[in-house]
Amino acid sequence: MDNKSIAQMLAETADLLEISGGDPFRIRSYRRAAEAVENSTEPLAIMAGDTKRLLAIPGIGKGMAANIQEMEARGSLPLRDELLKTYRPSMLELLKLPGMGPKTVALLWEALQVCDVEQLQTAIDEGRLEALPRFGKKLVEKLKRGIADYRKNSGRFRLDQAESAAERLELYLKEFPGIDRITPAGSLRRGRETVGDLDILATGPACAEERVAAAVEYVAAYPPIVDLIAKGQNKVSFHLRGGLQVDVRLLPEASYGAALQYFTGSKMHNVSLRQRALKRGYTLNEYALARLDTGAVAAGATEEEIYSALGMDWIPPELRENQGELEAAAAHRLPTLIEQSDLRGDVHMHTQATDGRNTIEEMAEAALARGYAYIAITDHSKNLAMTNGLDDARAVEHMRHIREVDQRMEGRIRVLAGIEADILGDGEIDLSDDVLARLDVVIASVHSLFQQSEEEMSARLLRALENPHVKILGHPTGRLLLRREPYNFDLGAVLKRAAERRVAVEHNAYPDRLDLCDIHLRQAKEIGVKIVISTDSHHTADLDNMRYGVRQLRRAGLSREDVLNTLPVQDFLDALRRA
DNA sequence: GCCGTTTTCGGCCCGACTGTTTTCAGTCG
């Protein structure tokens, strides 16, 4: 079983235990174990035989190790099977409705034998819910709306979409006199590839306790709101068109840091942080860090002073997932994360020669405007016929063009000549060695491997790595290589061989395909593979996507040294030649 | 079920909001 399936099974067991009214602390340990498994860079299938290694994972004890071994051996978890005799799997879906928690699910089951969304809808229509304790008109209304939303869209929102919604709201909030600082918190600030809802924090004189009511009214009047969910003393929650939920919190300046820390999360990071605070004689909430004995406030205005009062360095939001960052911060050993400004070149882009929209010059000017010192033009090779891919002769001709443009730029920006070549069925590259040898940047990509089995893929990737001209292993889908989904091929072996051959592995910065690569980026770092980050731009505007990819690298804990295109152009080329 | 710079037992993070109550349980983040 792959890690994701194991994690899901553990999480479901936690949900079922909660519905059954089980011990809350036992439930929490199942949740913790699920997180730990999901975040493990190593397939548990390999570790399962080694109890000691399982026990070394925080959150995994004797019982959980046995559970994991059981799942590996039989593909099932006895406690979960037991619970499913009493409860229905569809109840796990019911839990996703807003306002619906384990207690309510249990009540619906015991009183009405309702166990899924369909039956709940029927029970509502027949008016059977009102007979139950705690079920008034409003709660029933809320469930009705919840069911409609659930059917319409059940899912998270892409980071780039959430970001632009946040930016529009920010403009609106800034209009209100006395609101002068606005920060998105939550998973958006942590740079998660998808965002469940938007947490926006705001502060300024208008957010002081005695004045905040007017600002709350202003927020609630935000025109794009389609559905006001809640309006409290200093918080407004609503849905935007498209279903994105937004929580806006208006906070006094003295506790802004505490609130930012609190609402940035992640939940597990906060739980651990508060535990550490307790051990040191403090209590931490969204208003302040305070002494337990006297109640005296120790910190609150900034995040830095809170972490510092607890003996830690400030932790970049991207790392706040409770995966060892607290220990690293206490030991002053946090990595210095890469910044977008560290990048000196974008080395994967297409032009009109194949399926790009712009000319070489236009791409170069656009990159120059974004502060890059160099780019590589890497159009497709002939095997991608549908893109009008280049054969040997056209590749040489195109290279000549690129060199001319490079000359014309007169050193303002270096324009390197490259290719995004295709890996053929036998692992060969679809251009001659002669041509490949004359190019500065050869990316070998996996287009033709889409429909292949995953075992086949890894074999081909490994063969392609043996080609001396391949400098970068590309993954233009963002799904093939560095992904978190269950995969059968041995990615570790490909990364290890890439490290040995000194071939860099590419990380593409697509906003719509940021599909969960952080775990494998971490694995690449552990193995020592160099990363090249690029946008695979087909249009000058695509160059702006770099920021999304950088967030991914940061979440994986990567520093400038891990990424080749932070180097000056000559060092970058030398590093590639070492392959 | 996990875990230990007070512990191998006895703890385990914290507060707001909602709806239904008339003092609180449940949900949420």
Side-chain angles (χ1 to χ4, degrees), chain A residues 10 13-15 17-19 21-36 54-68 77 79 94-108 129-130 132-143 146 185-190 195-201 216 228-237 245-251 255 258-259 261-290 292 310-311 322 326 330:
Chain A
L10 289 170
T13 308
D15 286 340
L17 272 172
E18 205 164 3
I19 294 170
D23 173 15
F25 299 111
R26 193 180 176 208
I27 294 163
R28 185 186 299 170
S29 41
Y30 273 87
R31 294 243 155 82
R32 274 197 55 175
E35 295 235 357
L54 287 178
L55 290 175
I57 302 173
I60 308 284
K62 265 176 78 175
M64 218 48 86
N67 279 339
I68 290 169
L77 181 60
L79 176 60
L94 272 182
L95 279 176
K96 292 179 185 163
L97 297 176
M100 185 73 92
K103 291 285 187 334
T104 314
V105 171
L107 177 68
L108 286 173
L129 251 48
E130 275 95 346
L132 298 175
R134 267 187 40 250
F135 275 84
K137 254 199 158 62
K138 284 201 163 176
L139 190 53
V140 174
E141 261 318 301
K142 184 174 183 174
L143 289 177
S187 43
L188 182 63
R189 183 158 180 250
R190 299 204 310 283
V195 172
D197 54 24
L198 222 52
D199 274 304
I200 308 286
L201 306 189
V216 165
L228 195 63
I229 303 166
K231 191 171 74 171
Q233 250 197 341
N234 59 3
K235 174 189 157 178
V236 185
S237 299
Q245 181 174 331
V246 184
D247 297 327
V248 180
R249 292 182 168 83
L250 304 160
L251 303 150
S255 58
Q261 195 291 314
Y262 185 94
F263 290 111
T264 296
S266 68
K267 196 176 163 66
M268 293 308 290
H269 174 89
N270 286 357
V271 168
S272 284
L273 190 65
R274 265 173 254 146
Q275 278 167 348
R276 290 181 91 94
L278 279 178
K279 280 198 191 117
R280 290 176 161 255
Y282 294 100
T283 174
L284 176 63
N285 59 28
E286 59 263 55
Y287 301 110
L289 179 76
L292 266 179
L310 294 171
N322 195 32
L326 290 167

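In what follows, every chain begins at residue 1, and chains take the letters A, B, ... in the order their sequences are listed.
Looking at A:N270 and A:Q261, their side chains do bring a donor and an acceptor atom within 3.5 Å of each other.
The side chain of A:S29 approaches B:dG1 more closely than any other nucleotide in the set B:dG1, B:dC17, B:dC12. Taking only side-chain atoms of A:K103, from C-beta outward, the nucleotide of B:dC17, B:dT27, B:dG29 with the closest atom is B:dT27. Among the nucleotides B:dC17, B:dC14, B:dC12, the one closest to any side-chain atom of A:N285 is B:dC14. Between B:dG26, B:dG1, B:dC17, one nucleotide has an atom nearer to the side chain of A:M64 than all others, and that is B:dG1. Of the candidate nucleotides B:dT18, B:dG1, B:dG26, B:dG1 has the atom nearest to the side chain of A:Y30. If you check B:dC12, B:dA16, B:dT27 against the side chain of A:E286, the one that comes closest is B:dA16.
As rounded to whole Å, 6 Å separates atom P of B:dC12 from atom CZ of A:F25. Taking atom CG on A:L143 and atom P on B:dT27, their separation rounds to 11 Å, with Å as the unit. Distance, A:I60 CD1 to B:dC2 C1': 10 Å, rounded to whole Å. If you take CD of A:E130 and P of B:dG19, they are 15 Å apart, rounded to a whole angstrom. Rounded to whole Å, atom P of B:dC3 lies 18 Å from atom CZ of A:R31. In this entry the distance linking CG of A:L95 with C1' of B:dG26 reads 13 Å, nearest Å. Rounded to a whole Å, the CZ atom of A:F135 is 12 Å from the P atom of B:dT21. When rounded to the nearest whole Å, the span between CG of A:L292 and P of B:dC14 equals 8 Å.
Comparing the same atom, P, in B:dG26 and in B:dT20 gives a spacing of 14 Å after rounding to whole Å. Here, B:dT8 and B:dC12 have their C1' atoms 16 Å apart, quoted to the whole Å. Only the C1' atoms considered, B:dT18 is 15 Å distant from B:dT23, to the nearest whole Å. As rounded to the nearest Å, B:dC2 and B:dT6 have P atoms that lie 23 Å from one another. Spacing between B:dG11 and B:dC17 at atom P, rounded to whole Å, works out to 31 Å. As rounded to the nearest Å, B:dG10 and B:dA16 have C1' atoms that lie 29 Å from one another. Only the C1' atoms considered, B:dA25 is 10 Å distant from B:dT21, to the nearest whole Å.
OP1 or OP2 of B:dT27 lies within a sub-4.0 Å distance of a side-chain N or O belonging to A:T104. Here A:Y287 does not reach the OP1 or OP2 of B:dC14: none of its side-chain N or O atoms lies under 4.0 Å away. Between A:K138 and B:dG19, a side-chain N or O to OP1/OP2 separation shorter than 4.0 Å is present. Contact check, A:T283 against B:dC14: a side-chain N or O comes under 4.0 Å of OP1 or OP2.
One finds the CG atom of A:D247 at 5.0 Å from the CG atom of A:D199 (value rounded to the nearest 0.5 Å). Note that CE of A:M64 and CD1 of A:I57 are 11.5 Å apart. Values are rounded to the nearest 0.5 Å.
Counting only distance, with no hydrogens or angles, the side chain of A:R276 and the backbone of A:L310 share no donor-acceptor pair below 3.5 Å. For A:S255 (side chain) and A:L251 (main-chain N/O), no donor-acceptor pair under 3.5 Å exists by modelled atom type. Judged purely by atom type and a 3.5 angstrom limit, A:S272 has no side-chain atom pairing as donor or acceptor with the backbone of A:H269.
Nucleic acid contact for A:L273: none, since no nucleic acid atom lies under 4.0 Å from a heavy atom of the residue. Across all strands shown, A:L97 has heavy atoms under 4.0 Å from sugar-phosphate atoms exclusively, and none from any base. Residue-level contact check: A:D23 touches the bases, meaning some heavy atom is under 4.0 Å from a base atom. Looking at heavy-atom distances under 4.0 Å, A:P58 makes contact with sugar-phosphate atoms alone, never a base. As judged by a 4.0 angstrom heavy-atom cut-off over every strand, A:L278 is placed among residues touching the sugar-phosphate backbone only. Residue contacts for A:K62: at a heavy-atom cut-off of 4.0 Å it reaches the sugar-phosphate backbone alone, with no base atom in range.
Shown here for A:V216 and A:N234, the closest heavy-atom pair between the two residues is CG2-CA, 4.0 Å. The heavy-atom pair separating A:A258 from A:Y287 by the smallest distance is CB-C, 3.5 Å.
Between the base of B:dG15 and the side chain of A:Y262 there is no donor-acceptor pair shorter than 3.5 Å.
B:dG26: Watson-Crick or G-U partner is B:dC17, with both key distances under 3.5 Å.
Heavy-atom nearest nucleotides on DNA chain B were determined for A:K231 and for A:R249, and the one closer to the 5' end corresponds to A:K231. When each of A:L139 and A:G61 is assigned the nucleotide of DNA chain B bearing its nearest heavy atom, the one mapping closer to the 5' terminus is A:G61.
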